[in-house]
**Student:** 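This structure is in structure tokens; I'll ask about it shortly.
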Amino acid sequence: MSDSDVTITADDVKELNDAAVVRAAAFARFAGTALVGVGALGCLAWFWSTVRAQQSASIGANFGLPGTGIERDISLVDRLDLFAPYVGPIVTAALVVGFGLMLRLVADFVVTRMGGSVTGFLPGDRFDEELSS
């Protein structure tokens with residue numbers, strides 16, 4: 001074994017650094033996807049809670065089904081009072097979705113800057129006839 005076989009060159013260090021950054025970007029892409037999912041789930045939970053709060057104010061009105069005949073009129077101001085506490089959770093859920101999308105964008109940008117492929121296609125690949133049509 002010669003001395004040149006065990007000596008780490010600058011090119012070796014660059015390749016190892018690039019591989020480490022691409023691996024970290026893959027983790028950030030996965031975390032961004034998870035955050036988008038959690039934020040979307042938060043948006044659905046917000047919608048469900050808001051609808052249920054409005055329904056609880058109107059006795060007998062459940063998902064558009066006919067009432068029991070004991071409905072009461074709720075003013076617009078009362079409806080807004082019921083809606084106001086639910087604005088914060090939807091803003092938080094939207095921020096989580098936005099942060100997840102930002103993580104995915106940054107991860108994809110890093111991979112492309114390192115010479116990788118976001119789509120999986122590499123230089124020299126050929127399109128099949130079925131894919132191009």
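If you're wondering where the values come from, they're calculated on a predicted model, not measured in any experiment. In this chain, residues are counted from 1 in sequence order.
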**Student:** Which atom names give the shortest non-hydrogen contact between Pro85 and Pro89, and what distance separates them?
**Tutor:** O-CD, 3.5 Å
**Student:** Where do Val110 and Val22 land on the side-chain contact (heavy atoms from CB on, under 4.5 Å) test, with the steps shown first?
**Tutor:** CA-CA 7 Å; Val110 167; Val22 168; 5.9 Å; no
**Student:** With side chains defined as the heavy atoms from C-beta onward, is the minimum distance between Phe99 and Leu103 less than 4.5 Å?
**Tutor:** yes
**Student:** About how many Å separate CG of Leu80 and OG of Ser75, when rounded to the nearest 0.5 Å?
**Tutor:** 8.5 Å
**Student:** Quick one: which of Val106, Thr33, Val36 gives a side-chain contact (heavy atoms from CB on, under 4.5 Å) with Leu101?
**Tutor:** Val36
**Student:** Using the rule given for side-chain contact (heavy atoms from CB on, under 4.5 Å), can you reason through Phe47 versus Val51, listing the C-alpha separation, both sets of side-chain angles and the distance that settles it, and then say yes or no?
**Tutor:** CA-CA 6 Å; Phe47 179 73; Val51 167; 3.8 Å; yes
**Student:** If you take all heavy atoms of Gly42 and Ala93, which pair is closest and at what distance?
**Tutor:** C-CB, 3.9 Å
**Student:** Is there a path of hydrophobic side-chain contacts, each under 4.5 Å between heavy atoms of I, L, V, M, F, W or Y residues, that connects Leu95 with Ile90?
**Tutor:** yes
**Student:** Work out which heavy atom in Ala25 is nearest to a heavy atom in Ala107; give both atom names and the distance.
**Tutor:** O-CB, 3.3 Å
**Student:** Side-chain heavy atoms under 4.5 angstrom apart, residues restricted to Ile, Leu, Val, Met, Phe, Trp, Tyr: same cluster for Phe27 and Val21?
**Tutor:** no
**Student:** How many angstroms lie between atom CZ of Arg23 and atom CG of Asp18, to the nearest 0.5 angstrom?
**Tutor:** 10.5 Å
**Student:** Given 3.5 Å as the limit, does a donor-acceptor pair link the side chain of Gln54 with the main chain of Leu82, or not?
**Tutor:** no
**Student:** Applying salt bridge (charged side-chain N to carboxylate O under 4.0 Å, His left out) as the test, list every pair that has at least one member in residues 24-48; sequence neighbours left out.
**Tutor:** Arg29-Asp108
**Student:** Any chance you could measure Phe109, atom CZ, to Met102, atom CE, to the nearest 0.5 Å?
**Tutor:** 13.5 Å
**Student:** Starting at CD1 of Ile8, measure out to CG of Leu16 and round the result to the nearest 0.5 Å.
**Tutor:** 7.5 Å
**Student:** Could you give the distance from CD (Glu15) to CE (Met114), rounded to the nearest 0.5 Å?
**Tutor:** 13.0 Å
**Student:** For residues Val87 and Trp46: do they belong to one hydrophobic cluster (side chain heavy atoms under 4.5 Å, members Ile, Leu, Val, Met, Phe, Trp, Tyr)?
**Tutor:** yes
**Student:** Got Val97 and Leu35 here, is their nearest side-chain heavy-atom distance under 4.5 Å?
**Tutor:** no
